[in-house]
Amino acid sequence: MAIDVATVKKVASLSRLREPEARLESLSGELNGILGWIEQLNEIDVTGVEPMTTAVAAAAPLREDVVSDGGKVADVVKNAPKTVDGFFVVPKVVE
Amino acid sequence: MSDLTKLTLKGALDGLKAKTFSSSELTEAFIGAIEHSNGALNAYVETTFDKARAQAKASDERLAKGEGRALEGAPLGIKDLYCTEGVRTTACSKILGNFIPTYESTVTANLWQGGAVMLGKLNMDEFAMGSSNETSHWGPVVNPWKAKDSNQALTPGGSSGGSAAAVAADLCLAATASDTGGSIRQPAAFTGTVGIKPTYGRASRFGMVAFASSLDQAGPITKTVEDAAIMLNVMCSHDVKDSTSLDIEVPDFTKFIGKSVKGLRIGIPDEYRLDGIPAEIDALWEQGIAWLKDAGAEIVRITLPHTKYALPCYYIVAPAEASSNLARYDGMRFGYRDPEATNLVDTYELSRSEGFGKEVKRRIMIGTYVLSAGFYDAYYVKALKVRRKIADDFTEAFKSCDVILTPATPSSAFALGDEKKAADPVSMYLNDVFTVTTNLAGLPGLSVPAGLDQHGLPLGLQVIGKALDEGTVLTIASVLEQAAGFTQKPSKWW
């Protein structure tokens with residue numbers, strides 16, 4: 001499955017990345033190199049194998065549904081690029 | 001007084017307890033060493049000397065009252081991956097810019113609770129993605145080791161290159177590090193230091209900047225195996241803030257140092273004999289086998305048939321998790337925002353494209369691709385199934401052995417600016433060929449320095465244990481450490 005320049009563009013856009021046109025060709029080569037190397041996984045028969053998502057077999061731990069922390073508006077917005085009165089300021093979303 | 005920075009963590013803790021020197025004296029010695037050396041080595045990306053002096057003073061007061069805790073007064077370096085309250089934390093990425101956490105990671109909180117002193121934050125590959133420290137936004141760390149008869153600057157390895165270099169150059173007593181595919185063990189091997197990645201879930205990931213959450217694990221880089229045990233004792237804990245943290249008792253790991261290995265079965269996997277690996281690596285492995293045999297251990301041939309698929313499997317799983325984890329860097333709530341962007345999509349795309357480095361972007365794109373519609377089953381689900389096969393290999397092998405011995409890396413430290421590795425990402429990825437399997441299976445792995453190659457550069461051996469059996473790993477490693485008698489230090493050029 002070769003990744004052409006159009007696919008690189010599509011994947012970049014899905015990743016919310018904007019790569020310069022001049023970089024697309026070499027990115028296509030790099031990604032193809034990596035994915036080509038990964039293709040060797042097709043040598044393995046995985047019929048009937050359960051996918052492994054975690055190395056910890058324990059069930060998800062549960063806790064009481066109570067407030068355990070909070071009231072830290074200043075902390076939450078402290079590192080934001082732009083804030084007003086404890087709110088994040090973001091670019092206009094709806095024209 | 002002799003140079004206090006050359007002490008091991010154990011030696012320093014003993015000296016502090018015996019009041020041979022104070023934590024303030026010890027801390028000043030390290031501050032002096034860092035001020036002198038960091039320009040050449042670039043191990044620290046942020047120093048916190050005022051905080052260190054205040055912590056040292058408080059430790060001296062406690063020690064005077066005989067109330068010293070496990071790490072009382074010991075100056076440590078912290079990988080820039082750990083959030084430290086009030087101290088800039090960037091994971092060495094431009095996108096985190098001037099991020100100053102308002103909270104502390106659980107691992108570092110445990111260290112301060114144990115009385116440790118923080119000297120500063122240590123350099124690393126950006127978001128821990130790299131094997132040479134060259135992807136750091138703050139520039140590469142330089143390995144204190146150089147080949148004989150060469151002035152070429154070498155990599156300390158990665159991603160925990162700053163941690164490894166700082167420990168090797170006596171710029172801290174010990175350091176925190178983290179390991180997703182080999183990021184503790186490969187730098188340890190390249191710098192003649194000890195590094196252990198404990199079992200997945202032993203240490204909390206809360207407050208560690210996430211790379212690949214099902215693989216990331218905290219661990220220390222230290223001068224000796226005993227020091228690694230001392231650090232693990234404090235770093236590991238159950239934490240309700242990390243749902244994958246294991247609710248189990250943390251044993252006193254130092255109790256496993258110096259125990260007999262008589263009767264222990266050491267597995268030697270056939271599949272770790274790779275073509276194109278320097279003969280010295282194989283020779284060192286044979287030497288390690290001989291040392292353990294001499295100490296009374298039994299050597300068992302084992303097979304881990306899916307070993308060669310571990311790296312390709314990792315390069316689906318890790319980028320997939322990274323692409324989701326790094327989606328949080330959107331220029332809205334923290335980190336870098338492109339100042340020119342006026343609409344939402346421009347803000348996302350320009351902030352991320354300028355904020356992330358080349359390797360990180362490459363991995364985000366691979367992750368996005370393997371998770372995208374039409375490829376999810378062929379790549380991602382397939383890799384998760386292969387991951388199960390790799391873990392099953394270990395389960396099967398551990399029926400006939402107690403620990404596994406392998407080389408730590410396929411080479412010694414290589415040159416910074418290696419053009420072949422820069423042009424071919426896969427050749428860089430191969431650095432983790434011996435280490436990545438334990439991350440996929442969640443097992444503990446340790447790298448211990450065992451000798452020098454023909455160029456005078458350190459080489460390490462890796463000990464892999466059963467899940468939660470760090471104890472036996474430490475026992476084996478301490479026997480190897482003693483047999484190797486590795487006391488060499490880099491000759492000081494900086």
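Just so it is clear: chains get the letters A, B, ... in the order the sequence lines come, proteins before strands, and each one is counted from 1.
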Identify which of [options] forms the greatest number of heavy-atom pairs closer than 4.5 Å to chain A.
options: Val240(B), Asn343(B), Ile316(B), Ile100(B); answer: Ile100(B)
options: Val381(B), Val345(B), Thr244(B); answer: Val345(B)
options: Leu246(B), Leu311(B), Thr342(B); answer: Leu311(B)

Residue [X] versus chain A: region with a heavy atom under 4.5 Å:
X: Tyr336(B); value: neither
X: Val386(B); value: both
X: Asp346(B); value: both
X: Tyr429(B); value: side chain

Validation row, ring centre Phe99(B) to ring centre Tyr329(B) under 6.0 Å: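 When the ring centroids of Phe99(B) and Tyr329(B) are compared, they turn out to be at least 6.0 Å apart.
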Considering only heavy atoms, which portion of [X] lies under 4.5 Å from any heavy atom of chain B: side chain, backbone, both, or neither?
X: Val8(A); result: both
X: Lys78(A); result: side chain
X: Ser68(A); result: neither
X: Leu27(A); result: side chain
X: Asp45(A); result: backbone
X: Glu30(A); result: side chain
X: Leu31(A); result: side chain

Counting neighbours of CD on Glu419(B) that are heavy atoms of other residues, nucleotides or ligands and sit closer than 6.0 Å, is the number greater than 12?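 Incorrect, the count does not exceed 12.
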Could you tell me whether Lys9(A) atom NZ has more than 12 heavy atoms of other residues or ligands within 6.0 Å of it?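 No, because the 6.0 Å sphere around NZ of Lys9(A) holds 12 heavy atoms or fewer from other groups.
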Within the distance-only criterion (no hydrogens, no angle test), does the side chain of [X] pair as donor or acceptor with the backbone N or O of [Y] below 3.5 angstrom?
X: Glu470(B); Y: Pro198(B); answer: no
X: Ser93(B); Y: Phe356(B); answer: no
X: Glu271(B); Y: Lys308(B); answer: no
X: Lys197(B); Y: Leu443(B); answer: yes
X: Asp216(B); Y: Ala210(B); answer: no
X: Asn431(B); Y: Met428(B); answer: yes
X: Gln40(A); Y: Pro312(B); answer: no
X: Glu359(B); Y: Thr135(B); answer: no
X: Glu396(B); Y: Asp393(B); answer: no
X: Arg388(B); Y: Glu50(A); answer: yes

With chain A as the partner chain, list the residues of residues 435-442 of chain B whose heavy atoms fall under 4.5 Å from it, by residue number, and write 'none' if nothing qualifies.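 Counting heavy atoms that sit under 4.5 Å from chain A, the residues of residues 435-442 of chain B involved are Leu440(B), Ala441(B), Gly442(B).
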Tell me which of these, [options], has more heavy-atom pairs under 4.5 Å with chain B than the rest.
options: Thr54(A), Ile34(A), Thr83(A), Val93(A); result: Ile34(A)
options: Pro61(A), Gly33(A), Ala74(A); result: Pro61(A)
options: Ala55(A), Ala80(A), Pro51(A); result: Pro51(A)

Working to the nearest 0.5 angstrom, can you tell me the gap between Thr90(B) OG1 and Glu126(B) CD?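 Those atoms lie 9.0 Å apart.
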Can you pull the ring pair (Phe, Tyr, Trp, His ring centres under 6.0 Å) pairs that have at least one residue in residues 69-94 of chain A, sequence neighbours excluded?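 Those involving residues 69-94 of chain A do not exist here.
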With heavy-atom distances below 4.5 Å as the criterion, would you say the side chains of Phe127(B) and Ile95(B) are in contact?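 Side-chain contact under 4.5 Å: yes.
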Please list, in residue-number order, every residue in residues 11-24 of chain A that has a heavy atom less than 4.5 Å from any heavy atom of chain B; write 'none' if there are none.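 Residues in range: Val11(A), Ala12(A), Ser13(A), Leu14(A), Ser15(A), Arg16(A), Leu17(A), Arg18(A), Glu19(A), Arg23(A).
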Quick one: salt bridge (Lys or Arg N to Asp or Glu O under 4.0 Å) pairs with a partner in residues 324-339 of chain B, sequence neighbours left out?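 Qualifying pairs: Asp330(B)-Arg333(B).
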Quick one: closest heavy-atom pair of Ser204(B) and Asp239(B), and the distance?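 Closest approach of Ser204(B) to Asp239(B), heavy atoms only: OG-OD2, 2.6 Å.
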